[in-house]
Amino acid sequence: FAPPVAAPLASSVDAPPQEFHGGLQQPRLGTAPDLPVTGSHTKYLRRQNKRERQQKQLTQEFNDVWRNHRGHFSIPTPKQAPSSFRNSMCPSGLALEHPAAATLLQYATSGCPTRTGQNWTKEMIEEAIERGPHVSATSAEAIEYFKSEIDQKVAAGQAKVVDWDDIKDNPPPELKISPLALVPHKSRKFRAILDLSFRLRLKSGEVAPSVNETSEKTAPKAACEQLGHVLNRIIYAFAEAADDAKIFMAKFDIKDGFWRLDCQESEEWNFAYVMPQEEGQPTRLVVPTSLQMGWIESPPFFCAASETGRDVAEDYVETNIGSQPEHKFEQYTAGGKDYEKLPPKKEGDLKYLLEVYVDDFISLAIPTSQEQLDHVARGVLQGIHDVFPENDDDAMDPIALKKLLKDDGKWLLEKEILGFIFDGDKKTIWLENSKREALLKVLKGWLRASRGDRPQGVPFDEFQSVISKIRHAFISIPAGKGLLSHCNDVMRTEPAFIHLHTNRELYDAIGSIRNFLHESIAQPTKCKQLVQGHPHYIGIEDASGHGVAGVVLGELDAVVPTVFRMEWPQEIRDELVSDTNPTGSITNSDLEFAGFLLLWLVMEEICPELMHKHVGMWSDNQPTVCWVKRMASKNSFLAKCILQIIALRQKN
């Protein structure tokens, strides 16, 4: 990883509010700053955001991701919080001092702005109702589960159920119908997701645009800015920690996430759907008043609240240790063998890092006492309740009691975070066991099905989904992305089926990917292997049509200064593309990249130890630099093969 983008928006303890108001504005495209941005513009907005993020990374000064506790923050006189609000989000306490306070107060009292484009015609509504829910929501088991869930939502005032016959003659102008899907979930039977990206094909042949496609982006543009960097910063924190440091981790989950924020009055009809029922029942519509999983604007609206909670929590942690009152959920954070080994009280430095990923509050701390861990836990818990008000009934509290009872909030040295297991003692990371085993099983099935007298292909949707999960898994495996170039080629062409038995390079790549995942069971990755750093050794190479040469030097570690050179065999020179040989199969860039591989092999031979070391390698060939930085190649077959070799060598 390159250094991550700077930490989340600083809280009021760090800088005056006016510096952050820009991030609270709704997004605008630079090419049309006066026009609203809708879901149909998402890909253009992503490109713009990527360019802006890269520019920030070029200009920012990278500091230690850990915060050193100083205890200099004093809590100001509390402001008066609203006596009434909608649903279960309303700023109070220190959250009222935050730059986002006015925005959150608007959401709490009036609801989140909901602009989903033109109203639907009655024809569109009737055809959407006739289509009904997604097939995943029509099984007897799914229907039974959903009935119990929607009863809870209705009781909580977060949804209502209406008979279509009662409103069909004069439906609300904002009414839109999207299909509901129920997908399996690890912590409960199903998760309900409203498919607001579904485009309805009408009987007339026209296509009705989806709700997401026509929704105007009105949520704060910086609300989700940090999501792609949370895991990077955590990995950096582990890599930067001293070898003898012990990193304690705790997590807190917001129960019912998006459901805690309401949309504006009467706008809830934009998110209606047909209630899954047995055949023969009258058609009923579910009309949720809360933000829905599946709406393009739900994450940024919610993250505006949760990111504020993170900032406020950091303010509370920066108070003097022992100055904050005990929290009702604090009991679930203490205990455990690692916690008990710490002295109850002891003077010493406290380092900590607070992160939030949508509804997951993640706390890391390097303490010298139990009191310090208790102090961080109190700060985080109170910070959450300053944005998501506490409930007297612990089971209904926004901080998920169910997860606390599973020890998610307990300070431990080993914990699952964002799909990976982190070890705070050894500073290692590996993919969550169940996810790794599931991937290994699928890959084994693919390889087995491609052999024999009647080989079978892999459906494209399945292939795309699994490769996406593998790409995520390779976050924890150095150079793993170097094995994916042949997979990327297949996904660009989007065939109906992928036949491994007719694509030897792809077959070999899938086999290597499976080996990488299997080896990670016995050899978790040191976080230091995943981050950039000043090089211990330096290598420089250059190649031409005649041969390759380079030098190897020591930087942080000593090595015998070495010069190497090698003449290319005649069969390679005969295949080099040139003015006299335009049909050759090897380009100059391919030779440069082969020289890069030779440089690595030379460094393996002469450097005393490369395990857990940083290496700086220089080349003056732009394609070579791009291939190595991305660990992928689009057009060069030889580069794809060399990347696989480099990945295998670096892993071993």
> Roughly how far, to the nearest 0.5 Å, is CG of D64 from OH of Y236?
Replying inline: 12.0 Å
> Going through the distances and angles, do K613 and D557 end up as a salt bridge (Lys or Arg N to Asp or Glu O under 4.0 Å)?
Replying inline: CA-CA 9 Å; K613 300 290 185 179; D557 286 4; 2.8 Å; yes
> Are there more than 12 heavy atoms of other residues, nucleotides or ligands under 6.0 Å from atom CZ of R492?
Replying inline: yes
> Side-chain donor-acceptor pair under 3.5 Å between S136 and H134, yes or no?
Replying inline: yes
>> Please report whether the ring centroid of Y507 lies less than 6.0 Å from that of H486.
In response: no
>> Counting neighbours of CD on E571 that are heavy atoms of other residues, nucleotides or ligands and sit closer than 6.0 Å, is the number greater than 12?
In response: yes
>> Atom CD of residue position Q570 - does it have more than 12 heavy atoms of other residues, nucleotides or ligands inside 6.0 Å?
In response: yes
> Does the side chain of Q226 come under 3.5 Å of the side chain of R310 through a donor N or O and an acceptor N or O?
Replying inline: no
> Going by atom types only, do N49 and R46 share a side-chain donor-acceptor pair under 3.5 Å?
Replying inline: no
>> Taking D243 first and then K528, would you say they form a salt bridge - that is, a charged N and a carboxylate O separated by under 4.0 Å?
In response: yes
>> Does the plane of the ring in W627 sit parallel, tilted or perpendicular to the ring in F593? Use 30° and 60° as the thresholds.
In response: tilted
> Nearest 0.5 Å, what's the CD-NE2 distance between Q529 and H614?
Replying inline: 9.0 Å
>> For the OH atom on Y357, are there more than 12 heavy atoms of other groups (residues, nucleotides or ligands in this structure) within a distance under 6.0 Å?
In response: no
> With no hydrogens and no angle check, do the side chains of E575 and W568 hold a donor and an acceptor under 3.5 Å apart?
Replying inline: no
>> Between R471 and N488, is there a side-chain donor-acceptor contact under 3.5 Å, judged purely by atom types and distance?
In response: yes
>> Could you tell me if S619 and E541 have a donor-acceptor pair between their side chains, going purely by distance under 3.5 Å?
In response: yes
>> Less than 3.5 Å apart, any donor N or O on the side chain of D590 or T587 sitting next to an acceptor on the other?
In response: yes
> Can K435 and E416 be counted as an ion pair, charged N to O under 4.0 angstrom?
Replying inline: no
> Between E505 and K640, does at least one N-O distance fall below 4.0 Å, as a salt bridge requires?
Replying inline: no
> Crowded around K526 NZ? As in, over 12 foreign heavy atoms under 6.0 Å?
Replying inline: yes
>> Could you measure the distance from the CG atom of L517 to the CZ atom of R514? Nearest 0.5 Å is fine.
In response: 9.0 Å
>> Applying salt bridge (Lys or Arg N to Asp or Glu O under 4.0 Å) to K56 and E225, what does each step give before you reach the verdict?
In response: CA-CA 12 Å; K56 288 180 181 179; E225 197 173 65; 2.9 Å; yes
>> Could you check whether atom CZ of R201 has more than 12 heavy atoms from other residues, nucleotides or ligands sitting under 6.0 Å from it?
In response: no
